[in-house]
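Computed from heavy atoms alone, side chains included, the values below leave out hydrogens, waters and symmetry copies.
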Amino acid sequence: MVTRRDFIKTTALGGTLIATGQMSNARTIIHSATKPDSGFIQDSEKKIPVIKDVDIIVVGGTSAAVAAAGAASRAGSKVFLIAPLSYLGDDVCGSFRIICDDNKKLDNPLSKRLFLTSKNPTPLFIKTELENELIDNDVDFLYSSYATNILVDENDVPSGIVITNRSGRQAIRCKAIIDATHTASVARVAGVRFTDFKAGEYAFNFVTVGSEPQTIPGAKLEKIPYAVTIKNKQLPVVRYTFQLHVKDDSYATIQEIEQTIRDMTWTPDQSDSSDILEYIPFVSILSECESRNNISHMQELALESLKPKGVKNVWVLSPSAHVTNETAEKIMQPVFGTSLGVIVGETAAMYARDNQLKMNAKVRTPSTKGNKKGEIRELLNPLRPDMNCGFVTSSNDVLPVLGNYDIVVVGGGTAGAPAGISAARQGAKTLVLEYLHGLGGITTLGLIGRYWDGYRQGFSSEVDKGVRSMAPLDHPRQLKNWNSDHVSDWKQEFFRKELRMAGGDLWFGTLSCGALVTNNTISGVVIATSHGRGIVLSKIVIDCTGSADVAIAAGADYNYTGKNVAVQGAGMGHWNPGDYYNNNDWIFVDDSDVLDISRVYVQAKKKINGQYDLVKLPQTRERRRIIGEYTVSVYDVISKKRYPDTISYHKSSFDTHGMIVDPYFILSPPEARHTIYDADVPLRALLPKGLDGIIVTGLGASADRDAMPVIRMQSCLQTQGFSVGILAGTAVREGKAVRGVNLKKIQKHLVEIGNLPDRILKEKPHKGYSDKEFREAARNLRDNYSGLELLLTDHERCRRAVEKEIINTTLQEHRVIYSSVLCILGDNTYASVLANEINKSNLWDKGWDYTGMGQFGPCMSKIDSLLIALGSCQDSNSLPVILKKASILEPESSFSHYRAIAIALGEIKSRDAVPVLYELITKPGMRFHHISSFRDARRKTVPGLNDTSVRNAALKEVHLAYALFVCGDKNGLGKSILKSYANGLQGHYARFAIDKVYSSL
């Protein structure tokens, strides 16, 4: 047997990259061709940002991958790990191989920590230990990312990878790659040759929790001696083994097998199950030397079997290595996988020590020629300014066509699952793509399994009754308040069952990362999976990602944080089998920012330490919103505006979970909880301006951020998704574009099934306000801003009407109201009225600190409101009044006062404000609240699932730094603080700081 050191010497002299590979319709394939292949789409030249230069990249989130990364780092290498799931331990927690047999020898510290600490380690414990292994060994990592391409140098030698995630695509250069993916997806895009696939029977393992062993024809079962105890009841854990026919080596086939197994194993008692199927890969790499012997210990394994034949710099640390099935099965077991990971990590580190990083790397060009069916659009931006390490070129890349559907629903969440169900019921060939391994999104996997307000008729009523009917009415898991509370796993299964019954296809583990656009019409979705990157063609895309991911990748304009940092609070809490509602609010998180989302997973594990597990996704309320053909405003909601093209109906209060930004609410704060508004949403608000072939649902729709709380309720979005599916299905059936469908006919049907109230067919659309109505509203303003929602629909008409009223107004309190409206519109004619009012008191009034849960009513004081209005008119003569108020602030003063001062001074931009601002921000405790690393994130986590202290501190700092910077700065302090946030892990703060600092450079 070759020793590790000798092996390093021989592989360092290895051959050239193989330029051919197997054909498979669900993987990124390298295939010789002299003319375009209709199964592939040609991409144009792209510049992909490089975010890191490291010694070793580990691709995969298994325990073996983590062991390899830790070992390589301890050996002196700079390591980056890419994990495909939202956690580490695919092989432990994903497939539920969570305990170690007593007869297994634990021969490395990591496996001992995982399996000796407790007889029954929880998933949260495993995930945390694996994460700590990376953080404690200074290994950089990202969650929820797939490898899509490989970088090569001038000799076609692998020199890095390209990854994709919700932030877009990025590149990382390196000296060596450890491919720890189950099916060796990195090796595939490197052109590695594989053994031939043979159709036939293959074994698949799947674990359920909560259900007693089921007798399933042809299935073997094993009751696992693992204790999951909930409410003093021990839940059975059962592993099933199925022998099923596999027709081809495609992702679509794997997903059909997974759905079939879920069909066979689900019962109402089941409260958890495997995220992923466990199976030995159907093919293996062709290596330097096949290992034909079965082994007892990983030290016996010939490392040549992990090294692709003729390819430098790559090791395959997975059951796709060139080994026997028995050895492959051992590698899949964490106790053996971690042992092999240590060996491979140390080997790769020694190899990398003697090699140079190739700075001229480029994306490997496949030899396949694809059809040019449109432009592949995607996001290609560095994750942070300091992570901008240049670019690599991708020329003539091709993407395989993975499927061709009438309707593709991207995101199987609150709106997405219903959209897929209704589209399939319409007879359209429908595919639902979902990254997680369950449907329902926030309402199920996010554990917000309880309605808060909302319209509950139509399809939402069908959902409620359907979830209840998933089990007999006397089943012990039935909920008393079944029409408002939902058993999380039952609701997941209800959506999945209904989609399958309607004939729709469902792929879990898919991440949308681009769009195919032809003449401004979206004709396909670019997706990434554990098997690679490809395109699903479609006639209509329903973007139910919640953040308009597909539309934005296709080039749609959108609104989000950046210009301001007003963010609705988010949560991420614990989960126990059987839980359905664990709502909380302790973070701000941009869930379209892969750095931020990875940071939150780190902090959440510490926040809920000791629990069984954490939820699969954060409970976010602030999302990216398209700029559609119409934007629903706060004024539309308050005035109950009606539209000719209403597609959905919504009911809620202004449940703001934090700050507001709309001028209306600055002057006239939202009312308390008791006021429930009803709001219509027109189809035009779901159609991105300038794009065809796509409908955007949910929180990604076109609405002002302060209007969104009224239209984001779960029951409303379920119904909206179902209605959109009907519309899309009708368009396909009639061969029309979405905009060409007879919407009145659709509305009539939606009224018939209860999705819309019958008034929709009777009421006339709003035609605008007359001059008389504007004059009356202006007169009514003196009654505590009554009518302001009408006036602000047209700023110029508002200004004229208010000017006429203030001339004849003598009462000071009325003049203040009129002056504040003019000032907030930028008119400084009566700025002195506000300045005098603010100057009446030498003290601050009662302010507001950031509040997430239960935030209704004002989020600022009266003086705060007047200061913001005064600053908006940029009247420099008012500066002394603003600075006087700023000078009496203390670190413990309310955040709303800091925000008002920062906004006002940020508008005026006077150097005279610098001394006061500098003194404020240099007071003890005011600085250093940014998070710069995962280690920093872990250290700065504080207790409390509804904590606001961390956010209040950071908000004060970032607002003061902004004001100091734009007013001229002192000693570069404002700029320095903003840059620390711009390059930190907190996504919303980073967007705000980047907008302020880097846009001005």
Tell me, do Leu286 and Val192 make a side-chain contact under 4.5 Å, heavy atoms counted? no

Would you check if the side chain of [X] reaches a backbone N or O of [Y] as a donor-acceptor pair within less than 3.5 Å?
X      : Y      : answer
Ser185 : Thr181 : no
Lys940 : His930 : yes
Arg364 : Pro158 : no

Tell me, please, which residues at least two apart from [X] pass side-chain contact (heavy atoms from CB on, under 4.5 Å).
X      : answer
Arg74  : Ala71, Glu133, Asn137
Asp549 : Arg166, Ser512, Thr545, Ser547, Arg624
Asn396 : Gln42, Thr365
Ser318 : Val316, Ser320

Run the ring-ring contact (aromatic ring centres under 6.0 Å, His included) test against [X] and tell me which residues pass, sequence neighbours left out.
X      : answer
Phe992 : Tyr962
Tyr146 : none
Tyr560 : His988
Tyr143 : Phe141, Tyr601

Is a donor from one side chain sitting under 3.5 angstrom from an acceptor on the other, for Ser305 and His322? no

Partners passing salt bridge (Lys or Arg N to Asp or Glu O under 4.0 Å) against [X] (at least two apart in sequence or in another chain):
X      : value
Glu131 : Lys605
Glu378 : Lys46, Arg169, Arg533
Lys78  : none
Asp107 : none

[X] to [Y], cation-pi by 6.0 Å centre distance and 45° axis angle:
X      : Y      : result
Lys975 : Phe965 : no
Arg188 : Phe194 : yes
Lys52  : Phe80  : no

Identify the residue among Arg384, Gln986, Arg991 that makes a side-chain hydrogen bond (donor to acceptor under 3.5 Å, both in side chains) with Asp593. Arg384

